[in-house]
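What follows is a single structure, written as structure tokens, with notes after it.
Excluded from the calculations below are hydrogen atoms, water molecules and symmetry mates; all remaining heavy atoms, backbone and side chain alike, are included.
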Amino acid sequence: MKREPQKQADDKINVVNLAIYRAKKALERDGFEVVENPDGKITLVIRLAK
């Protein structure tokens, strides 16, 4: 039996960079709001006190 190769181009695989994840969590703990653009760039916005 011959198997045809499976196409993985249609499936999106999300890879999380652990260093970036930790940095984002640390910034959130310090009072920053982390916003990510669709192109993957990160923008920091200071949270305002209510």
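- Counting heavy atoms from C-beta on, the side chains of Val35 and Ile42 never come closer than 4.5 Å.
- Going from atom CD of Glu28 over to atom CZ of Arg47 covers 6.5 Å, rounded to the nearest 0.5 Å.
- Separation of atoms CZ (Arg22) and CG (Leu27) is listed at 14.5 Å; rounding is to 0.5 Å.
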